[in-house]
Amino acid sequence: SRLMKTITVADLRTIVSETCQTYYPARDMKTLLAKLFSLAAADGVANRDLPFFIELPEKEEKEQDAFTPEEAVRIYSQWNSGNFFAGYILLMMTTSMMPGELYGLRKDMIDMEGHKIVGAGIKTKQRKKQSIVFPDMMAPILQKLMDETPGDMVLTPMSDFTFRKHYYKVLEAAGCRKLTPYACRHTTGTTLYLDATLSEAEAARVMRHSARSGETYTHASDDVAKNTVEHVTKIFRGSAAE
């Protein structure tokens with residue numbers, strides 16, 4: 001062990017570089033050290049500015065994988081075979097929902113008649129203000145998720161660890177790659193943005209992105225978004241979802 005007042009910038013850089021080889025873990029450790037040194041500085045036993053000089057590894061942005069149509073069909077087949085949790089994966093894949101949005105999804109946010117979810121968006125202003133639309137194939141699935149889940153939430157409250165445990169069990173049962181939950185949203189985006197019959201702005205509306213072109217669609221009606229989101233179901237070709 002070391003007294004914090006004896007730790008140098010070189011020591012901190014060594015600690016981080018030897019324990020974290022990639023950007024995000026190193027960034028998190030730097031943040032933690034900054035908080036610790038801030039508390040220590042309040043007691044007069046450390047220089048709170050030392051963590052500022054920690055150098056982070058180069059950020060390597062990797063393109064998020066998307067599920068293939070074959071994998072999508074297998075997940076849909078899991079639902080048809082009675083795997084209830086597969087319904088949550090299908091919901092994320094067909095709506096662009098993120099896990100955090102699913103965790104906070106209440107039943108009273110869902111307009112079954114309008115095929116939209118209101119008030120569930122998180123993180124960006126765009127996602128918060130725009131409704132999440134879902135295709136026709138999701139209506140009976142979503143209704144069953146609500147009917148068979150007690151309480152006000154669509155997903156029974158659980159930790160992120162527990163959610164991922166159930167999530168990966170479905171993927172294993174379906175014979176799919178072990179992609180992260182965020183890959184579901186990326187699947188929505190990949191399907192829409194690569195659809196030659198759709199404009200970038202139409203895809204952006206479903207994804208709740210800010211389109212670089214065709215701004216009229218950015219603030220388009222939910223009906224326009226509903227028509228667009230139906231294109232997501234093309235990924236389920238060959239399944240009963242069509």
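Once rounded to the nearest 0.5 Å, the distance linking CG of L192 with NE2 of H209 reads 10.5 Å. Taking CE of M92 as the start and SG of C184 as the end, the distance is 4.0 Å to the nearest 0.5 Å. In this structure, the separation between NE2 on H231 and CG on L194 is 14.0 Å, given to the nearest 0.5 Å. Distance CG/L36 to CE/M29: 10.5 Å, rounded to 0.5 Å. Atom CG of residue D195 and atom CD1 of residue I235 lie 11.5 Å apart, to the nearest 0.5 angstrom. Rounded to the nearest 0.5 Å, atoms OG (S131) and CZ (R208) are 9.0 Å apart.
Under the 4.5 Å side-chain contact rule for hydrophobic residues, M98 and M153 do not share a cluster. Using a 4.5 Å cut-off between side-chain heavy atoms of Ile, Leu, Val, Met, Phe, Trp and Tyr, with links allowed through other members, V224 and V133 fall into different hydrophobic clusters. By the criterion of side-chain heavy atoms lying less than 4.5 angstrom apart, applied directly or through intervening Ile, Leu, Val, Met, Phe, Trp or Tyr residues, M97 is grouped together with F85 in one hydrophobic cluster.
Distance alone, capped at 3.5 Å, places no donor-acceptor pair between the T149 side chain and the M146 backbone.
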Could you go through the side chain to side chain donor-acceptor pair (under 3.5 Å) check for S159 and T162 one step at a time? CA-CA 5 Å; S159 67; T162 301; 2.9 Å; yes

Chi angles and distances behind the side chain to side chain donor-acceptor pair (under 3.5 Å) call for N83, S81: CA-CA 6 Å; N83 193 327; S81 298; over 6 Å; no

If you apply the rule side chain to side chain contact (heavy atoms under 4.5 Å, CB included), what do you find for T191 with T233, and how did you get there? CA-CA 9 Å; T191 305; T233 60; over 6 Å; no

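With contacts defined as side-chain heavy-atom distances shorter than 4.5 Å, the pair E101/I132 qualifies.
Judged by the 6.0 Å distance and 45° axis criteria, K116 is not positioned over the aromatic ring of F134.
In this structure, the ring of F163 has its center less than 6.0 angstrom from the ring center of Y103.
Under a 4.0 Å N-O distance rule, the pair R13/E18 does not qualify as a salt bridge.
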